[in-house]
Every structure is written in C-alpha cells, then in structure tokens.
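What follows is one structure encoded as structure tokens, with my remarks underneath.
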Amino acid sequence: MHWRNYFIPTTKETPKDATAASHVLMLRAGLVRQLAAGVYTYLPLGFRCLRKVERIVREEMDRAGAIELRMPCLTPLSLWDESGRSRTMTDVLLRLDGSVWDWAAGLVLGPTHEEIITELARAYLKSYKQLPINLYQIQLKFRGEARPKSGVLRTREFLMKDAYSFHDNKPSLDKEYDNMYAAYCRIFARSGLPYLAVEADTGAMGGDASHEFMVLTDAGEDRVALSESGDYAANLERATTAPPKPAPAGEGEAPAEPLRSPTEVHTPNAGRIDEVCPVLGLPPRQMIKTLIYAGTAGQADAGAKGPPPRKLRVVALVRGDHEINELKLNRAAGLTLELADPETIEALTGAKVGFAGPQGLIDRIDKLIIDREVAVLRNAASGANKTDYHVTGVNPGRDFPLAGDKVVMADIRTVAEGDPSPTGSGSPLHLRTAIEIGHVFKLGTKYSTALGAVYLDQNGKACPLIMGCYGIGLNRILAAAIEAHHDDAGIIWPMSIAPFEVLVLALDPRDEEVMRVATQIHDELAAAGIDVLFDDRDERAGFKFKDADLIGIPLRIVVGKKSLTAGGVEVTDRRTPADKQLKPVAAAIAHVTQHVRAELAKLAAAK
RNA sequence: CGGGGUGUAGCUCAGUCUGGCUUAGAGCGCUUGGUUCGGGACCAAGAGGUCGCAGGUUCGAAUCCUGUCACCCCGACCA
C-alpha cells in the first residue's frame, strides 16, 4: 500500500475531548473519528486493525468448534417481553419509537442476543441428539449507554463477538465453558494483550460460574482484586476475603476482654462513622454500621406472576471501616434492595438517619443481614436508635440475634486493599482498575425457560435447554492493546493486530535510486504476504518519522540516500527505536519477513 | 438522571467579564510559487467562519437576557 494513495489523517495536536491514552492515540493516528457521543467511524487504518482482531476471534472460535451465523440488529420487542428484559433493561434497550411507522414501535436494536438465539433454538433444537452446539456471530450491538466515555472503550454502538452454547446436561456446559475459556485465552494472547481472567459476578440472573477477561489500565471502568501471590483474582463486585477468625472466647493466646454492658453515649450531630469515632474514642473497626434497606417481596424477573408485591424492610450490618457491597447484599437477601428513604428509617428506628443500631429491631423488620465480620466483634458501638445517641458495649448474639428465621449471616462487604486472599494463602489483595474485554458465563435455563426453548431427552421428556454465553468486545481489544502498548511518541502495535506489519519509509522520494530500492522492498514484501505500507510521500524526514512512531507499525525499513551510501537500508523495531540495523536490501527483506512470521507464531503460541 | 464545564475555520484556541477599534483573529493543517530536505522547516501569496441553534434587549450582539440543542468531565446507571 502506498501512503500517498491511502487515507491516514494523522494530527499533531491532541484533541481536547480525549483523556484516555488509547483515545488520544486513536484520534491522532487517524484510526477513528467521532461522529456523535459514543459513535465512531473506523477510518482505514483503524478498520484494518479491527478486521485483524475479527479474524483472530473468528479463527479461534472456529477452531474451538463454534459455528458462525448472523442474527439481525433489528429485533422484535416481543421477544424481550417474553424474557422480561424489556422491563429490566429499559435503560439499555434502544427502542424505535414508532412515530413515523407504527410497526417500528415493535422493534429494538439488539444490545445482546440471548433472546434471539433462544428463539432460534426454540425453533430448531428439538432433540438431545443435536446437542451440544455453540453458535456465534460477530456483529454490531447497540446500547443506550447513559454516558459514553474514553473513546472506543464505552460506546453506544460497538462490535461484539457473542457465542451461545446449548446443552442437555451440566457437565456438557461445564466442558464447553472450559473450552471457551481456553479459546478466549488464545484469542487475547494472540492479540498481544496482557490479559487477566477474574471471577465475575453472575448478576441478577444468578447462575453458576462466570469469568471476565480484563486488561489492567486506569482508563478502565472495572475494579478487580488481585492477590499478591497470584492465587486469586476477582471482580471487586464479587471479590471476597478470608473469613474472620472466631471471636476469642477466653481461651487461646490472648485473654478476651470481658463483655461490657450496653451504655448510651451522647453524640450530638455525629451521625457518620468518621464523626462519631473521635467522640467515642473508638476506631471505625469497632463500630457497627447499620443500614436500612427496602425491598419488594415476590419480585422476580422473567415475567413471573407472583403474589402481589409487598414492601420489605431489611437491615444490613457491616463493620464501620467496611463498605457494603450491594450485589452481595442482594444475593444474601434474595431480593433487589434499595437504601430506604429517611422517613422510613426514622419510622423504623425512632431516630434520625445516622443513629440506627441493630438492638431491638429484629421484631420490626423482615430480615437482618449480618456481615460475618460484624458477628465476631466484641464490645462494639452502634447507633442507639435515639437521635444524637450511640451505644457502646454492644455484643452480637446478646444485643441482637446472630441466628433465627430472619437472620442471614454472610459476606456482604466490599473487600479492601490489603485484605487476605480467600484461598487460604493469606496473600494480601490489591485493588486495580481494569477494562473488561471478554466475559464467559454459564447462563443455565433462564432464557430457555422464559422463552420455552425445550428439547426432548432420551426418554422423550421435554427439558429446557441449558445455555452458556460468551462475549468479546472487539473495539475494546484495540483500545486495550493501545493502553497496554504505547509510549510518548505513539502506538506500539502487537504484530498480530497492527494495521500493517512493516513500514517502508523512503526518505528522499525524489531520488530515483531511493525510490527504486524502496519500491522493490515494498513489492517483494507484499509478494511474500507481508502487510506492508510504503511511505512514499514527498515530506520532510522528521514529519514522516513522527507519523511512523504515531501509527506504531512494528517494523520499519528506512531507505535514504544516506543509508544507501552506507551500504543498505535501516531496519528498526518500533519497540526499540535506538537499535538501528543497517542491512543490505536482500538481507533486510529476509530479516523482516522472518521477523514478522516469528512474531506472529510467538503470539499464536502464547497462552 | 444529578453536579460541573464547553460550543468561534478541518484541529487547538484567543476575543465574551467591561456590547462599538475586527471588514471576526492566531497557530497547526490545506492551496500556489520559491528556498529547504535524516526527527513534525522557512519566505511570500491565498482559500476557508450565517461565532451551535431560536427568540429577545439595543442605534449596534461572538459579547447581555431567555429558551433550546450538542459535546466533554465527575457521579448514578451499565445481564
């Protein structure tokens, strides 16, 4: 490809709207152009990268035995009604409003395709003999993102590979899950990403295992907890820590502090932990944070028609130095909870917000959910259920129940930096920011049940299909690769997803000999199947070098009068710009050809 | 959806507070000619803007007022 005839609109200036490194570089290198919030054109260079990623994904999915198909972007709203997600995903579903054509009101742009594939399965997958099967597509998705950000990392329109597997038994799903997990490792390794698989939350759909594939970068929007020894990695939404040691009961090494009696302390206007601790002279870890939640009974997704909803009051307890994790709380409660409003709290506790405590509440609430680290506290402090008063000498089990119908003991807090790994190693956890690039998920029968997708087993019995789903964000692979591989001058592409593998740079394009040699190198490399870009523009050297660094093509061959006089051409690796190797033309061609193939093979062999 | 911010040339921005010295500017980029030519050159001459949009105030509005739209950042949200 001759640059002169190509289209690479690079810029020297940094666009003001871009903050993430990948965003800045994608704009500057002429990979993408923003058309609207969260909507991007992929310019030729960016499109080439995207196609390379797409090819890797397709090859590895095919190799893993998945079968490609293509579902529509326009999907009937009725299917989302069937699954119940037209109600639960209202913010995400882009609905056509039907103001021009009434039929359009019945359509939504697909944000994901569980419903669509399940409809397909319902129609065709009738027998256990057809199972298992894994169907996938690479297709545009549309989501009503409230706030697109960080360039291509979070958009309203994006390219996704989504695969769905169908099974007639759990072990079969487990096997395919592992198969997909391995395929994802190959895909990300081949793409040159420093990825990480972490345990993920299974969300509102419950279900079994789920892993997310992450790339660590401050531009990401997920938090992950990683143990120092590497034996544990989980999304912060789900991460847990080693359980607390049981309360010292007087035996053992340190004699237990004697249990004190509850004592009210006047703590005017000190409703927050950081306000009340100095007054009580206690550290936050001796405090019990009492949070009042409201939930609705009988609610369920998937359009279940349960008994009429009833408001439930749920009290959650965590230690004063801990943050509650509402996902964990919801799971422990078996409900979707929301923090109660001040009126509800005051009515329940008889005190203003900030002075709630667990004592004496059990008969007036529907559920008490106690973090396991609260249960082992001794002589703790909490609100007194009396405005401007706290209580010290609060003891779990004595002053509020640790067991009973309404009591749930669970891990409901967010892990913190330095907490011990739950694996037993005790290795400290570190919290990091990351971007999610892939997700594998055991769905179970949620959608097959909701949509009535059943097969007949060997006994002729109708059973819901057991499903798994597996997604990869292709645009995010590009952005994550740039986040992981760049320097001050520009992008440093991994060979496998670089728009071109080799850049031939003719420094004196008006010199016949330079052009003859450079053209020859370009042509021979192209003939050898190398993706080669030839910078034949009549520009000054510095200008072209800056562009070359910016667009980040891994290998560069510089042809100039100077190099020819010195006996050849210069070969450099984008990663090590200082290391220039002067080689005769034929040797340079052989060298980069071999280097490209070796690099691709290395990436393909990585895990 | 809450809070904050920004809309002036393809890009980065000045001018807005204090309305009139601007016939709307600068740098980058673009066009033409010339000089340069191994790390984003220089000289000269050009092209390019209904100052986001709609009302209003005023003799006069990029500038003041009202409304509206778009975009960005923080938060909420994100199976």
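Each chain gets a letter, A, B and so on, in the order the sequences are listed, and its residues count up from 1.
One C1' atom belongs to B/rG20, the other to B/rA62, and the distance between them is 13 Å to the nearest Å. If you take atom P in B/rC28 and the same atom in B/rU23, they sit 25 Å apart, rounded to whole Å. Across the P atoms, B/rU12 and B/rC73 are found 14 Å apart, a figure rounded to whole Å. The separation of B/rG60 from B/rU22, taken at their C1' atoms, amounts to 14 Å, rounded to a whole angstrom. Nucleotides B/rG4 and B/rC78 are separated by 24 Å at their P atoms, to the nearest Å. The same atom, P, is picked in B/rU35 and in B/rG27; the two are 24 Å apart, to the nearest Å. With both ends at atom P, the span from B/rA9 to B/rU50 equals 9 Å, rounded to whole Å. Atom C1' of B/rC77 sits at a distance of 46 Å from the matching atom of B/rU58, rounded to the whole Å.
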Which atoms of nucleotides 9-13 of chain B (N or O only) lie under 3.5 Å from a protein N or O atom, and what are those distances?
from	atom 1	to	atom 2	distance (Å)
B/rU12	OP1	A/Lys16	N	3.3
B/rU12	O4'	A/Glu13	OE1	3.4

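B/rC42 atom C1' lies 8 Å from atom CZ of A/Arg540, rounded to whole Å. Distance A/Leu564 CG to B/rG38 P: 14 Å, rounded to the nearest Å. Rounded to whole Å, the distance from CD on A/Glu145 to C1' on B/rC73 is 16 Å. In this structure, A/Leu153 atom CG and B/rC72 atom C1' are separated by 16 Å, rounded to whole Å. The separation between A/Phe543 atom CZ and B/rG40 atom P is 11 Å, rounded to whole Å. Rounding to whole angstrom units, NZ of residue A/Lys141 and C1' of B/rC78 are separated by 16 Å. B/rG29 atom C1' lies 17 Å from atom CD1 of A/Ile8, rounded to whole Å. A straight line from CG of A/Asp511 to C1' of B/rU36 spans 16 Å, rounded to a whole angstrom.
The side chain of A/Asp547 has B/rG40 as its nearest neighbour among B/rG38, B/rG40, B/rC72. Residue A/Arg147 has its side chain nearest to B/rC74 when only B/rC78, B/rG38, B/rC74 are considered. Minimum atom distance to the side chain of A/Val558 is reached by B/rG38, of the listed B/rU36, B/rG38, B/rA79. Closest to the side chain of A/Arg85, out of B/rA79, B/rG38, B/rG40, is B/rA79.
In this entry B/rA26 has B/rU12 as its Watson-Crick or G-U wobble partner, both defining distances falling under 3.5 Å. B/rC42 is paired with B/rG34 under the Watson-Crick or G-U wobble criterion, all donor-acceptor distances under 3.5 Å. In this structure, B/rC21 makes no Watson-Crick or G-U wobble pair, since no nucleotide meets both defining distances under 3.5 angstrom. Look at B/rA62: it lacks any Watson-Crick or wobble partner with both distances under 3.5 angstrom. Of all nucleotides present, only B/rG75 satisfies the Watson-Crick or G-U wobble test against B/rC1, with each distance under 3.5 Å. Using the Watson-Crick or G-U wobble rule with both distances under 3.5 Å, B/rU68 pairs with B/rG52.
Looking at A/Ser563 and A/Glu570, their side chains never bring a donor and an acceptor atom within 3.5 Å of each other. Side chains of A/Gln34 and A/Tyr40: a donor-acceptor N/O pair is present below 3.5 angstrom, by distance only. With 3.5 Å as the limit, one finds no donor-acceptor pair spanning the side chains of A/Asn325 and A/Glu237.
Nucleic acid contact class of A/Arg28 (heavy atoms, under 4.0 Å, all strands): base. Counting any heavy atom pair closer than 4.0 Å across all strands shown, A/Glu237 reaches no nucleic acid atom. In this structure, A/Arg556 reaches the bases: a heavy-atom distance under 4.0 Å links it to at least one base atom across the strands shown. The residue A/Ala146 sits close to a base: some heavy atom pair falls under 4.0 Å. Within the 4.0 angstrom heavy-atom criterion, only backbone atoms of the sugar-phosphate kind lie near A/Gln34; the bases stay farther away.
Applying a 4.0 Å cut-off to non-hydrogen atoms, none of the residues of residues 471-479 of chain A approaches RNA chain B.
Figure legend: A/Arg48 and A/Phe500 shown as a cation-pi pair, the cationic atom lying under 6.0 angstrom from the six-membered ring centre and within 45 degrees of its axis. Geometrically, A/Arg85 does not engage A/Trp80 in a cation-pi contact, judged by NZ or CZ lying under 6.0 Å from the ring centre and within 45° of the ring axis.
At most 12 heavy atoms of other shown residues, nucleotides or ligands fall within 6.0 angstrom of atom CD in A/Glu512. Under a cut-off of 6.0 angstrom, the local environment of CD in A/Glu338 is sparse, with at most 12 non-hydrogen atoms contributed by other residues, nucleotides or ligands.
Remark on RNA chain B: of its neighbouring residues A/Arg156 and A/Glu221, the 5'-side contact belongs to A/Arg156, judged by nearest-heavy-atom nucleotide.
In this structure, A/Phe188 and A/Phe213 have tilted ring planes: the angle between them lies in the 30° to 60° band.
You won't find any donor-acceptor pair under 3.5 Å spanning the side chain of A/Asp508 and the base of B/rG38, going by distance alone. In this model, no side-chain donor or acceptor of A/Arg143 finds a partner on the base of B/rC78 within 3.5 Å. One N or O donor and one acceptor, one from the side chain of A/Arg154 and one from the base of B/rC77, sit under 3.5 Å apart.
Residue A/His211 is tested with A/Tyr177, A/Tyr184, A/Tyr181 for a side-chain hydrogen bond (donor to acceptor under 3.5 Å, both in side chains); the sole match is A/Tyr177.
When side chains are defined from C-beta on, A/His522 counts as touching A/His2, because their heavy atoms get closer than 4.5 Å.
A/Arg28 has no carboxylate O lying under 4.0 Å from a charged side-chain N of A/Asp547, or vice versa, which leaves the two without a salt bridge. Using a cut-off of 4.0 Å between Lys/Arg side-chain N and Asp/Glu carboxylate O, A/Lys141 and A/Asp162 are scored as salt-bridged. With respect to the salt-bridge test (charged N to carboxylate O, under 4.0 angstrom), the residues A/Arg156 and A/Glu145 do not qualify.
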